[in-house]
Visitor: 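Attaching a single structure in structure tokens format; questions to follow.
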Amino acid sequence: MTEAFLAGLVAGYGVAVPVGAIAVLILGLSARTSFRVGAAAALGVATADGLYAAVAALGGAALAAVIAPVAGPLRAVAAVVLLALAGHTAWRALRPRAQGGEGRGGRALESPARAFGGVLALTLLNPATVVYFAALVLGRGDVGRDPWAAALFVVGAFVASASWQLLIAGGGTLVGRALAGPRGRLVTALVSSAIIAGLAVATLLG
């Protein structure tokens, strides 16, 4: 059971660590308004990640008996998907791109309730997250077969995402701005790629 929670924790950090537009939005909200607003936005991101992890884990549990005969090939497919996601994350970090601000939407989220709901909705618009978690669930037989393991995986993913986003919100203009700069984005994206690639290797060896 502890392994399922730790797997969710690592998976959550893998998807949360890259600093992109949402992280910059959280940083701007926290710096411009208060930590309460930034924290609400951070928890919106974590809730979205937790929901996607739950969808993937519950789907894996429902399909566990069906996919058991082809578990080996599916593990290989899951590893390939994870490697592709790792490569895509690294490629996006390394390619030249325009630096965008937090956009006009940040001005409409200046209360905790609005920040939570708005950032939750924005994060849910990224369906690649559920593909990421689904690949991990298919690669780990215990999460797919055991409801308790699935629940702990989801909790781990939520805790990881919440802790990272709250760090950005709490860091304010110090840690937050360093992470949101070009070098910070590059480093966090490459760290995320390394985590995801490591998970792919672990899936193959598992």
Side-chain angles (χ1 to χ4, degrees), residues 1-18 20-23 25-26 40-89 92 113 115-166 192-193 195-200 202-204 206:
M1 290 298 177
T2 303
E3 290 183 3
F5 174 77
L6 293 176
L9 203 65
V10 174
Y13 281 123
V15 77
V17 163
I22 295 295
L25 176 61
I26 292 172
L43 292 176
V45 177
T47 300
D49 288 344
L51 287 172
Y52 272 143
V55 168
L58 292 174
L63 292 174
V66 177
I67 66 176
V70 291
L74 277 177
R75 186 177 294 114
V77 171
V80 169
V81 170
L82 292 172
L83 286 173
L85 288 170
H88 180 67
T89 300
R92 288 187 61 187
F116 177 84
V119 175
L120 170 63
L122 286 172
T123 309
L124 287 174
L125 291 176
N126 182 20
T129 303
V130 77
V131 175
Y132 166 74
F133 283 123
L136 288 172
V137 169
L138 290 175
R140 289 185 57 91
D142 58 339
V143 173
R145 291 189 301 266
D146 188 339
W148 284 110
L152 288 172
F153 178 85
V154 173
V155 170
F158 174 83
V159 168
S161 181
S163 63
W164 180 257
Q165 304 301 339
L166 286 171
S192 172
S193 297
I195 292 174
I196 296 172
L199 290 170
T203 296
L204 280 175

Visitor: Looking at Ala115 and Ala40, what are the two nearest heavy atoms and their distance?
Guide: CB-CB, 4.3 Å

Visitor: What are the two closest heavy atoms between Gln165 and Ala16, and how far apart are they?
Guide: NE2-O, 3.7 Å

Visitor: Check each of Val10, Leu152, Val154 against Phe5 using the side chain to side chain contact (heavy atoms under 4.5 Å, CB included) test, and report the only one that passes.
Guide: Leu152

Visitor: Any side-chain to backbone donor/acceptor pair from Ser161 onto Ala157? Under 3.5 Å, distance only.
Guide: no

Visitor: Between Ala53 and Phe153, which heavy-atom pair has the shortest distance, and what is it?
Guide: CB-CE2, 4.4 Å

Visitor: Any side-chain heavy atom of Val45 within less than 4.5 Å of one from Asp49?
Guide: yes

Visitor: Looking at every non-hydrogen atom in both residues, tell me the closest pair between Ala150 and Ala57 and how far apart they are.
Guide: CB-CB, 3.8 Å

Visitor: Quick one: closest heavy-atom pair of Tyr13 and Ser163, and the distance?
Guide: OH-OG, 2.8 Å

Visitor: I need the Leu120 CG to Leu43 CG distance, nearest 0.5 Å.
Guide: 10.5 Å

Visitor: Which heavy-atom pair separates Ala42 from Ile26 by the least distance, and what is that distance?
Guide: CA-CD1, 3.9 Å

Visitor: To the nearest 0.5 Å, tell me how far Phe158 CZ sits from Thr47 OG1.
Guide: 5.0 Å

